[in-house]
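Note that the numbering runs from 1 along the sequence shown for the chain. Values in this document were obtained by computation on a predicted structure and should not be read as measured data.
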Amino acid sequence: MAQNIRNVAIIAHVDHGKTTLVDGLLRQTGTFRDNQAVGECVMDSNELEKERGITILAKNTVVTYRGTRINIIDTPGHADFGGEVERVLSMADGVLLLVDAAEGPMPQTRFVLQKAFSHHLKPIVVVNKIDKPDARPQEVVNEVFDLFIDLDADEQALEFPVFYGSGRQGWMTTDLAAARQGGEGKNLQTLFEAILAHIPAPKDDPDQPLQFRVTTLDWSDYVGRIAIGRVHRGRMRQNERVVHLSRSGAQKEVTVRGVYRFVGLSREEAKEVEAGDLCGIYGVEDIQIGDTVAALDRPEAMPVIAIDEPTMTIVMRVNDSPFAGRDGGKFMTSRHLRERLEKELRVNVALRVEPGDTADSFKLSGRGVMHLGFLLETMRREGYEFAVAKPQVLFRDVDGEKQEPIEYLTVDAPADAVGKVIEILGTRKAELLKMDRKGTFTRLEFTVPARGLIGVRSRLLNATAGQATMHHVFHGYGPYRGAIEERTAGVLVSMAQGQTTFYALDGLRDRGAFFVPEGAEVYEGMLVGEHCKDNDLVVNVVREKKATNIRSSTKETFVKLPPPRAFNVEDALEYVGEDELVEITAKAVRLRKAHLRESDRKRNERSRESV
């Protein structure tokens, strides 16, 4: 047994302070030099993670406390990135459950915790942000206990130690009274001691023949593919001949050209890494997540990690709009898109890619709108240009019964808006399970079909004056709940190409809300606004005012147009209808009709009706 190693995964809901606590652990163990410039949330290295304040890609770091290497594994808090969570927990021996002192346990906490208990990991509970004015630590601990019982936690898991404190200020204590006064000792020492005492040391035997399972993949321009995982048995040595056992069962003799050992946030070359520790290896071609690397004399494959199946699909196609290539896109052909998607498949295990109905389209299946939206946004920033259709839910047939993915939805809304929230979700076939008062807000918990969540966020925000917050997590497959009403409003569709004018937009302001400002470039078939009625309306937004001799000098001075509604990739995916596409370029996200010309749209509609 490796007594001087601990492997800990940190579990928390989005924005409960997980990555900030890791910053504190790194600082207090001397991982950074005194004169080293370090930003906040150093573990969130991805640009999108920093913008949204969430962890998307699982990462790990190492801190050394009293001679013990503590491998800290940061897990994504969002269920859409559950493919990451599943693999990461197989590397850990215990978990640090981080809960906000005001919000308490949330759906994503529940999702990851359920996975942790299925791996029989021992928990330590940390009640973070104790300095919040609305903190209610004792109630939160009771809620955590109820959640553990709800998830059928075993006896050992129910005897969890509890810490109170502030990750941002860098202190934790087991004494609630001292925590309310601002903490004792003002450091994280008690938390480190608890990790050493409560998290079991790895039971892996370094003297047995080698066994290593790949849980994450990385890429280096110098050494190629790097496989990261845990050494479950024996020792991983540099330049050693081993057997690569793939998920499909194929065996191949290979040489491990190099071994990386984790040090702080970086990694360094090592001669060998023993059982119980995490490491990265390179030199093994075509190694995939879930594969095993084993000793030549005992080539035994480890159990393949089960990964949750996709629940949602979208069709990606080459951008064929009149503005294709105008926004500085570097990669626009189907060959470019295919190569990029194949590259993504190497590291994104929850993603599936199939050829589409046409030669220039691809069918992408993922864990939800956020999972797919993150990939599309990443590609957009890399200079790719493409169009995508409305997301579709993947149904299943179980014993002749049609089943669909059901999500567990939690909504926090002001008490006076609860009726509106229940009414909106009622039209989406949601079933109310629980309703609790939390201060001036009410927490509502529902089960709702995944397709019922598409586009519901904006309606809830409008109904609650922007105050509602919603979080959802995959609950399982359930019986099909029937038809759900789609977007109730129609859209304003441009009839011509050109620049929008103030004169044209001012004349149409009573017809609905706009998506484009004055002076924006538009084309025929592009969506320029939302109609105030339920039908689509073709409008001319490029019409100019005819010049006459009679002119009022003050006519256009004081009239202001309302600000246009902006869309990011996820908003656009939730908004589009069946006959519409989202055009995604390096500089813009536009909405358009699949058939740009009105005559083509009418012909297509007639042919559909005849069928």
Side-chain angles (χ1 to χ4, degrees), residues 44-54 56-57 80-81 219 221 314-348 351 353 356 358-364 366 369-391 493-494 497-500 514-529 541-542 563-576 580-594 596:
D44 282 349
S45 51
N46 184 287
E47 197 178 311
L48 272 172
E49 292 181 317
K50 286 181 178 170
E51 272 179 32
R52 300 182 186 204
I54 64 171
I56 292 167
L57 306 166
D80 280 11
F81 306 104
W219 180 266
D221 291 337
I314 56 170
V315 174
M316 175 189 282
R317 51 186 263 190
V318 169
N319 184 19
D320 59 356
S321 88
F323 288 178
R326 275 200 192 184
D327 290 342
K330 291 179 276 188
F331 312 106
M332 294 176 287
T333 65
S334 59
R335 179 176 63 83
H336 287 139
L337 295 179
R338 186 182 297 107
E339 285 172 0
R340 177 62 181 83
L341 292 171
E342 283 170 359
K343 182 182 164 191
E344 185 67 22
L345 282 172
R346 293 179 199 157
V347 291
N348 194 337
L351 184 72
V353 178
T358 58
D360 62 352
S361 66
F362 305 92
K363 192 175 171 186
L364 276 58
V369 171
M370 192 175 186
H371 177 216
L372 294 168
F374 174 70
L375 169 62
L376 302 181
E377 178 65 26
T378 306
M379 288 176 67
R380 183 181 83 79
R381 292 179 185 213
E382 290 171 0
Y384 287 84
E385 202 169 291
F386 48 89
V388 289
K390 179 186 169 74
V493 186
S494 173
Q497 187 166 329
Q499 257 192 358
T500 57
F514 297 117
F515 301 157
V516 289
E518 177 191 352
E521 291 278 348
V522 297
Y523 54 82
E524 183 182 2
M526 182 172 153
L527 308 192
V528 292
V541 287
V542 299
R565 179 173 165 187
F567 288 93
N568 62 25
V569 172
E570 278 166 46
D571 295 338
L573 285 176
E574 291 186 346
Y575 187 83
V576 285
E580 293 159 9
L581 297 173
V582 183
E583 179 190 349
I584 299 172
T585 72
K587 292 181 184 168
V589 176
R590 303 185 188 96
L591 304 175
R592 52 164 280 197
K593 288 288 183 184
L596 296 177

How close do [X] and [Y] get, heavy atom to heavy atom, and via which atoms?
X: L337; Y: E385; result: CD2-O, 4.3 Å
X: Y523; Y: S321; result: OH-CB, 3.6 Å
X: V589; Y: A572; result: CG1-CB, 3.9 Å
X: S334; Y: V318; result: N-CG2, 3.6 Å

Next item on the list: Would you check, one step at a time, whether the test side chain to side chain contact (heavy atoms under 4.5 Å, CB included) holds for V493 with L527?
Entry: CA-CA 5 Å; V493 186; L527 308 192; 4.0 Å; yes
Between [atom1] of [X] and [atom2] of [Y], what distance do you get to the nearest 0.5 Å?
X: F374; Y: L351; atom1: CZ; atom2: CG; value: 12.0 Å
X: L376; Y: I314; atom1: CG; atom2: CD1; value: 4.5 Å
X: K363; Y: M316; atom1: NZ; atom2: CE; value: 14.5 Å
X: N319; Y: D327; atom1: CG; atom2: CG; value: 9.0 Å
X: R340; Y: H336; atom1: CZ; atom2: NE2; value: 13.0 Å
X: R381; Y: I584; atom1: CZ; atom2: CD1; value: 12.5 Å

Please check if the side chain of [X] supplies one atom and the backbone of [Y] the other of a donor-acceptor pair under 3.5 Å.
X: E580; Y: K390; result: no
X: T500; Y: V541; result: no
X: R592; Y: A594; result: yes

Next item on the list: State, yes or no, whether a side-chain contact exists between E521 and R326 at a heavy-atom distance under 4.5 Å.
Entry: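 E521 vs R326: side chains touch.
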Check: Would you say the side chain of L581 lies within less than 4.5 Å of the side chain of V388, judging by non-hydrogen atoms?
Finding: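 Not touching, per the 4.5 Å side-chain cut-off.
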Item checked: F362 ring center within less than 6.0 Å of F386 ring center ->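 Not close enough - the centres of the two rings lie 6.0 Å or further apart.
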Check: Is any NZ, NE, NH1 or NH2 atom of the basic residue among R335 and E339 found under 4.0 Å from an Asp or Glu carboxylate oxygen of the other?
Finding: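 So R335 pairs with E339 through a salt bridge.
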Next item on the list: Would you please test E377 and N568 for side chain to side chain contact (heavy atoms under 4.5 Å, CB included) and show each step?
Entry: CA-CA 9 Å; E377 178 65 26; N568 62 25; 5.6 Å; no
